[in-house]
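Shown next, in structure tokens, is the structure this report addresses.
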Amino acid sequence: MSEKLRLGVNIDHVATIRNARGGDHPEPVRAAKLAAAAGADGLVCHLREDRRHISDRDLERLMAEVDLPLNLEMAATDEMLEIALRHSPPGICLVPEKRQELTTEGGLDVAAAAPRLASFVASLSSAGCLVCLFVDPNAAQLDASLAAGAAAVELHTGTFCDAPPGAAGQAELERLRDASTYAASLGLEVRAGHGLSFDSVAPIAAIPEIVELNIGHFLIGEAIFSGLDSSIRRMRALMDKARAEALGERSA
Ligand code: PXP
């Protein structure tokens, strides 16, 4: 069981708000520095093909000006590979991407795209990036991720977060727990993210094999009401409390 649960703060939606007016405010780099001061362990941004939030310039500045490891989410396209190899961020998370979607809708089908993904993982790993694949919590995707050479997987928590209270959410939580245990048994680093909020984070943070949660939209939205520093600190506190309680229950 990991005691330290890392928080990666995704600042894409600071850029979404900036882009609504086309100017410079609010600046993602300023938000990233604030996230570092509030206790984030890493930064996450998704450079999309359509540049709907983070821009190429943002990526350059985040790499140069912010003292936190950057995890770049990207689709497995030749354009993104070229950009990633130019910057070599410490972390890359390969995600599926569709132009029409509002946000990443599901995990990668790693098995279906195995040769292409394996070649991306190999190129990025050789450049010194730790490569993670964003997948749904099922064993076939985890086996395929290992075969593709990934060092880590990020389990998609969106279905869990969107489920109404009750049996469906509980079943999805069980899938996430089982997938975490299985991924760790394969030697993959286990992360999780998508859709997490103050209400949904605790049961995910309590899953012992998970070492990192990546959270964006809720934190930036909540910042409207309480400020970014407060929203990140509260998320961090909820994560740490859930992990400490899970550890306590194990040792009792
Ligand atoms: N992890 C991955 C791989 C994602 O694509 C996203 C969304 O960009 C997140 C985490 C964060 O999701 P949310 O913004 O819903 O917290």
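What you are looking at is a predicted structure, and each value in this text was computed from that prediction instead of being measured. Just so you know, ligand 1 is whichever comes first in the structure, and atom 1 is the first atom listed for that ligand.
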With heavy atoms of Asn10 as the reference, note each atom of ligand 1 found under 4.0 Å away. 8 (O)
After noting the C-alpha distance and the side-chain angles of Ser123 and Ser126, does the key distance pass the side-chain hydrogen bond (donor to acceptor under 3.5 Å, both in side chains) rule? CA-CA 5 Å; Ser123 306; Ser126 311; over 6 Å; no
Given side-chain hydrogen bond (donor to acceptor under 3.5 Å, both in side chains), test Asp58 with Ser55 step by step and report yes or no. CA-CA 5 Å; Asp58 290 327; Ser55 68; 3.1 Å; yes
Leu196 versus Asn214: any side-chain heavy-atom pair under 4.5 Å? no
Leu196 N/O under 3.5 Å from ligand 1 N/O: no
Would you check the N or O atoms of Gly195, main chain and side chain alike, for any that come under 3.5 Å of an N or O of ligand 1? yes
Can you tell which part of Glu73 has a heavy atom less than 4.0 Å from ligand 1: side chain, backbone, both or neither? side chain
Any idea which atoms of ligand 1 are less than 4.0 Å away from a heavy-atom of Gly216? 13 (P), 14 (O), 16 (O)
Is it the case that the side chains of Thr16 and Asn19 hold a donor-acceptor pair, with the cut-off being a distance below 3.5 Å and no angle test? no
Is the side chain of His87 donor-acceptor paired with the backbone N or O of Pro89 at a distance under 3.5 Å, no angle test? no
Does Leu70 form a side chain to side chain contact (heavy atoms under 4.5 Å, CB included) with Leu59? I'd like the steps, not just the answer. CA-CA 9 Å; Leu70 181 73; Leu59 175 59; 3.5 Å; yes
What part of His13, side chain, backbone, both or neither, has a heavy atom within less than 4.0 angstrom of ligand 1? neither
The atoms of ligand 1 lying under 4.0 Å from a heavy atom of Val95, numbered in the order shown, are 3 (C)
Check whether any N or O atom of Glu154, backbone or side chain, sits under 3.5 Å from an N or O atom of ligand 1, and answer yes or no. yes
Report yes if Asn214 has an N/O atom closer than 3.5 Å to an N/O atom of ligand 1; otherwise report no. no
His217 heavy atoms, cut-off 4.0 Å: which ligand 1 atoms fall inside? 13 (P), 14 (O), 16 (O)
From the candidates His194, Glu212, His156, the one that places a heavy atom nearest atom 7 (C) of ligand 1: His194
With a 4.5 Å cut-off on side-chain heavy atoms, are Leu213 and Met235 touching? no
Do the charged groups of Asp240 and Arg233 touch, with an N to O distance under 4.0 Å? no
